[in-house]
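Remarks on the structure that follows.
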Amino acid sequence: MATENFHILTTSTFSDRLLNWFDQHGRKDLPWQQQPTPYHVWLSEIMLQQTQVSTVIPYYQRFTDRYADIASLAKASIEDVLALWTGLGYYARARNLHKAAVIMTNEHDAKMPNTIEQLIALPGVGRSTAGAIMALAHHQNYPILDGNVKRVLTRYDGISGWPGKKVIENQLWKRAEQLLPKHRIANYIQAQMDLGATVCTRSKPKCNKCPLQSDCHAFLRDIPQNYPSPRSKKIIPTRQINWLVAQLPTKEVLLQQRANTGIWGGLWSFPELNSIENIDHICMNQFNLETTKIVTQTHFRHVLSHFKLDIHPHLVSCSIDSNYITENKNFSWYKIQDALQLGLPAPVKTFLISLQ
Ligand code: SF4
């Protein structure tokens, strides 16, 4: 379902109000705004996908301290990149970032391309991220359509229907294009993001502080909470996994580097047990490890975007190392302090910390 009625409003009215608001209330001290080079804009935009500014800032600072530009990121190992990304989630973003840096180094002289088509061709760069780079870094008139902008536009125009649905998304892109200003594109795009993040928030929007209030469809009907329409409810499945948390008398723990594809691709995790019957036999048959004690820990839940994981850790004390482990490069024993420097899924990191 789409629109009820669109406002008869000039483009400049919407954007001028937003720009005036930005001049007084917009965020101007974010770290990536201090150096709005294409590299820094790209990096921040990727980190900000599905992630709040306050979470991103320390990661962004560590990342730019380590990798000052595209060429240094391309030279890094994917393991080091994933290690710096640990805790930020959605690890495909880190893998794509690294792949894109290698492509740009090989094909674009280690520079960000400056056409929307070339940007969209990079791994992990969608139309909205490409639009943000074009606007914020190259000052070209392109719209964005991230979660904040979708929320503001669906409320402002009264657009019903889940914004992830193609027909609604197309309608929002069209509207975002119509509303673009003819000047100050970078400030305008930042203003859209800021308004969504600080005023037109998901719950309890601060409509009394909003420059769009006078003709906002949702505000005038007192129904901001009705927008954006949610995705039709579907049941998120729950998977059960069993971790083998093997530990030597020296307290080193056994970790396995996961395959590059699938959940937590390329990260280090505890080996998973297909069965919990006779864990001591599995340890011997599969890893050639002799066990002295097995304690099953309380299970805990970790929620991912498409499913939930119920994680059952089994703490297994082992007497000595085995040839199988030393000869298999996907497995390694780590002191907990050293393991915490690796690229780890968030629940693995949390569990390792609890073992200290
Ligand atoms: S008036 Fe309220 S609902 Fe409308 S755009 Fe502003 S904050 Fe959002």
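Since the model is a prediction, treat every value here as computed from it, not as a measurement. Whatever order the structure lists ligands and atoms in, that order sets their numbers, starting from 1.
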Any luck finding a side-chain donor-acceptor pair between Gln118 and Thr115 under 3.5 Å?
yes

Which atoms from ligand 1 have a heavy atom of Cys210 less than 4.0 Å away?
1 (S), 5 (S), 6 (Fe), 7 (S)

If we number the atoms of ligand 1 from 1 as shown, the ones under 4.0 Å from a heavy atom of Gln213 are 1 (S)

Check whether Thr51 reaches the backbone of Leu48 with its side chain - one donor and one acceptor, N or O, closer than 3.5 Å.
no

Looking only at protein heavy atoms, identify the closest one to atom 2 (Fe) of ligand 1 and say how far it is in Å.
Cys207 SG, 2.3 Å

Counting non-hydrogen protein atoms only, what is the nearest one to atom 8 (Fe) of ligand 1? Give residue, atom name and distance.
Cys200 SG, 2.4 Å

When you look at NZ of Lys206, are more than 12 heavy atoms from neighbouring residues, nucleotides or ligands closer to it than 6.0 Å?
yes

Any idea which atoms of ligand 1 are less than 4.0 Å away from a heavy-atom of Phe219?
1 (S)

Answer yes or no: is there a side-chain heavy-atom contact under 4.5 Å between Ile282 and Leu244?
no

Any N, O or S atom of Cys216 closer than 2.8 Å to atom 4 (Fe) of ligand 1
yes

Heavy-atom count around Glu277 CD within 6.0 Å, excluding the residue itself: above 12?
no

